[in-house]
Amino acid sequence: MKTTQLSEIKKTYFGYQEIAKALRIEPASARVSAARYVKQGFLVRVKRNLYVLRERWKAMGTEERFELANIMQVPSYVSFMSALEYHGITTQMQRDFVESAVLKRTKETDIKGLIFRFTRIKKELYFGFRREKGFFIASAEKALVDSLYLMSSGR
């Protein structure tokens, strides 16, 4: 079956071009194939033209989830309780939940039980983060400030 050829794709997240190359088909056909493989459960659709193999989805760690959150909404950085837990500031474990600060719109996406919450903050408050292990994350202090900002605005 052609799905074994998909597991040859080295990237964690990939699109139609990589599917077309792995299956040796045209990109238009790869788009149709991707939709079929999502229905059959071989692929997980993250957003338009962004897929993950089901096996890799199940095995994803925290850092890969954070990287995925950054890809799903650009620009964004992981913040709030997700960043506080990552930095070891809070004892509240956030299972299957990633919170990010964004400039565009507030949005929540549930993909196979993993919830990504993107919360819009003011442009002048969009600072205090750094790139770490392939993803953008707020410093511990900034994540606390972001959380207090949300609480003060009633969210």
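The analysis underlying the following values was restricted to heavy atoms, covering all of them including side chains, and did not include hydrogens, waters or symmetry mates.
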**OP:** Could you tell me which residues satisfy side-chain contact (heavy atoms from CB on, under 4.5 Å) with R24, sequence neighbours excluded, listed by chain and number?
**Re:** Q5
Subject >> side chain to side chain contact (heavy atoms under 4.5 Å, CB included) between I25 and S33, worked out >> reply: CA-CA 10 Å; I25 58 177; S33 296; 3.7 Å; yes
Original post:
Under the 3.5 angstrom rule, does the side chain of S82 hit a backbone N or O of V78 as a donor-acceptor pair?
Top reply: no
Original post:
How about W57 and I111: do any of their side-chain heavy atoms sit closer than 4.5 Å?
Top reply: yes
**OP:** Determine which pairs satisfy salt bridge (charged side-chain N to carboxylate O under 4.0 Å, His left out) with at least one residue from residues 64-80, sequence neighbours left out, and list them in order.
**Re:** R65-D96
Subject >> Pairs flagged by salt bridge (charged side-chain N to carboxylate O under 4.0 Å, His left out) wherever residues 34-47 is involved - sequence neighbours left out >> reply: none
**OP:** Could you pull out all residues at least two apart from K11 that satisfy side-chain contact (heavy atoms from CB on, under 4.5 Å)?
**Re:** I9, E18
N/O donor-acceptor pairs under 3.5 Å from side chains in residues 123-133, not counting sequence neighbours:
unit_1 : atom_1 : unit_2 : atom_2 : d
Y126   : OH     : S76    : N      : 3.0
R130   : NE     : E132   : OE1    : 3.2
R130   : NH2    : E132   : OE1    : 2.9
E132   : OE2    : Y86    : OH     : 3.0
K133   : NZ     : E63    : OE2    : 3.1

Subject >> Any residue meeting side-chain hydrogen bond (donor to acceptor under 3.5 Å, both in side chains) with N49, in chain and number order, not counting sequence neighbours >> reply: none
Subject >> Near-ring test F66/F135, centroid separation under 6.0 angstrom >> reply: yes
Original post:
Judged by atom type as modelled, is there a donor-acceptor pair below 3.5 Å linking the side chain of R54 to the main-chain atoms of G41?
Top reply: yes
**OP:** Work out which heavy atom in K142 is nearest to a heavy atom in S79; give both atom names and the distance.
**Re:** O-OG, 4.5 Å
**OP:** Would you indicate whether the side-chain heavy atoms of I121 and Y77 approach each other to under 4.5 Å?
**Re:** yes
Subject >> Nearest-0.5 Å distance, CG of residue L53 to CD of residue E8 >> reply: 11.0 Å
Original post:
Tell me, do V38 and V44 make a side-chain contact under 4.5 Å, heavy atoms counted?
Top reply: no
